[in-house]
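Here the structure is laid out as structure tokens; the discussion comes afterwards.
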Protein chains: 2
Amino acid sequence: MLKNSVRELRARYRLTQQDLAEKIEVSRQTIGLIEKGDYAPSITLALKMAKVFQVPVEQIFYLEGE
Amino acid sequence: MLKNSVRELRARYRLTQQDLAEKIEVSRQTIGLIEKGDYAPSITLALKMAKVFQVPVEQIFYLEGE
DNA sequence: ATAAAATGTAAACTTTAGTTGTCATTTTGT
DNA sequence: ACAAAATGACAACTAAAGTTTACATTTTAT
């Protein structure tokens, strides 16, 4: 099962969902749905996010319970 | 633009597309299309692949030319 | 307390990931 | 050289990502 720490990282950088959305070129709603855990984004989105937060992808998205 | 080194890693482990497909639970065709660069897989697929190859996701998938 | 900004949510939609089946071509092993 | 295994490719399809619009609720700042 896929989990993520987008909300925490976003808080650390004091970005709104809108801010983050713009930086990685997706809609605000998409950020919301990802934070909620509603779906597994594309690797492209994940890589862009990792760049914004300056952490490895694995530190944002990870499989829990295999 | 998204690039990847799936083919190289798969060769290193001497796995067929079919083998890899089974390990990460996708179809053989999907592996072929990813190697060809036809599309950006989900982060879930990428994480599973990273596990198989025992490398960070960034070593498999990366954005080239921003 | 109030207004503005931020977030949650939902429906209807478009786009793209991923599947299944099938056949042709290439590679590998004997 | 030959057969078997592996890959390429394509069409038609299904499933899921991601968008847009719109409105309700919550948070934040003054």
Side-chain angles (χ1 to χ4, degrees):
Chain A
M1 193 225 184
L2 186 72
K3 297 225 164 191
N4 73 74
S5 42
V6 173
R7 187 166 302 239
E8 292 76 0
L9 285 161
R10 186 168 61 80
R12 185 173 311 164
Y13 279 75
R14 286 184 179 74
L15 297 176
T16 67
Q17 293 186 341
Q18 183 66 47
D19 292 338
L20 179 55
E22 281 169 12
K23 278 180 195 289
I24 68 179
E25 300 172 295
V26 293
S27 71
R28 174 181 72 80
Q29 286 82 342
T30 292
I31 302 296
L33 289 169
I34 290 171
E35 289 188 355
K36 205 180 153 201
D38 267 16
Y39 55 56
S42 70
I43 181 70
T44 302
L45 188 158
L47 288 170
K48 285 184 182 176
M49 215 178 255
K51 201 178 221 174
V52 169
F53 292 141
Q54 302 180 90
V55 294
V57 171
E58 285 88 347
Q59 220 163 315
I60 313 181
F61 297 97
Y62 45 91
L63 298 169
E64 204 161 272
E66 300 336 83
Chain B
M1 195 223 185
L2 185 70
K3 296 225 165 192
N4 72 75
S5 44
V6 173
R7 185 165 305 234
E8 292 76 359
L9 285 161
R10 186 168 62 77
R12 185 173 311 163
Y13 278 77
R14 289 184 177 72
L15 295 176
T16 67
Q17 293 185 342
Q18 182 65 48
D19 291 337
L20 179 55
E22 282 170 11
K23 279 183 194 291
I24 68 180
E25 299 171 298
V26 294
S27 71
R28 172 181 73 83
Q29 285 85 340
T30 293
I31 301 297
L33 289 168
I34 290 170
E35 289 189 355
K36 202 179 154 201
D38 267 16
Y39 52 59
S42 70
I43 180 68
T44 302
L45 189 159
L47 288 170
K48 285 184 182 177
M49 216 178 256
K51 201 179 221 173
V52 169
F53 292 141
Q54 302 179 90
V55 294
V57 171
E58 284 87 348
Q59 220 164 316
I60 313 182
F61 297 97
Y62 46 93
L63 299 169
E64 204 162 272
E66 291 344 81

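Per chain, numbering begins at 1; letters A, B, ... match sequence-line order.
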Test side chain to side chain contact (heavy atoms under 4.5 Å, CB included) applied to B:L15 and B:K23, step by step: CA-CA 10 Å; B:L15 295 176; B:K23 279 183 194 291; 4.0 Å; yes
Residues B:I60, A:I43; criterion side chain to side chain contact (heavy atoms under 4.5 Å, CB included); working and verdict: CA-CA 10 Å; B:I60 313 182; A:I43 181 70; over 6 Å; no
Test side chain to side chain contact (heavy atoms under 4.5 Å, CB included) applied to B:T44 and A:F61, step by step: CA-CA 9 Å; B:T44 302; A:F61 297 97; over 6 Å; no
DNA chain D-proximal residues of residues 7-23 of chain A, any heavy atom under 4.0 Å: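 Heavy-atom cutoff 4.0 Å gives no residues at all.
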Test side chain to side chain contact (heavy atoms under 4.5 Å, CB included) applied to A:L2 and B:L47, step by step: CA-CA 10 Å; A:L2 186 72; B:L47 288 170; 3.7 Å; yes
Near-strand residues of residues 28-50 of chain A, defined as heavy-atom separation under 4.0 angstrom from DNA chain C: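 Going residue by residue through residues 28-50 of chain A, the ones with a heavy atom under 4.0 Å of DNA chain C turn out to be A:R28, A:Q29, A:K36.
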Between CG on residue B:L63 and NZ on residue A:K51, distance to nearest 0.5 Å: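 Answer for the CG-NZ pair, B:L63 versus A:K51, is 6.0 Å.
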Pairwise distance CG(B:L45) to CD(B:E25) - rounded to 0.5 angstrom: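 Atom-to-atom, B:L45:CG and B:E25:CD are 10.0 Å apart.
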Taking C-beta and beyond as the side chain, do [X] and [Y] meet within less than 4.5 Å on heavy atoms?
X	Y	result
A:L20	A:M49	yes
B:Q59	B:F53	no
A:L9	A:V52	no

Same cluster (ILVMFWY, side-chain, under 4.5 Å), B:V57 and B:Y62: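 Cluster IDs for B:V57 and B:Y62 differ.
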Contact interval (first through last nucleotide) of DNA chain D with protein chain A, 4.0 Å heavy-atom: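 Result: D:dA17 to D:dA22.
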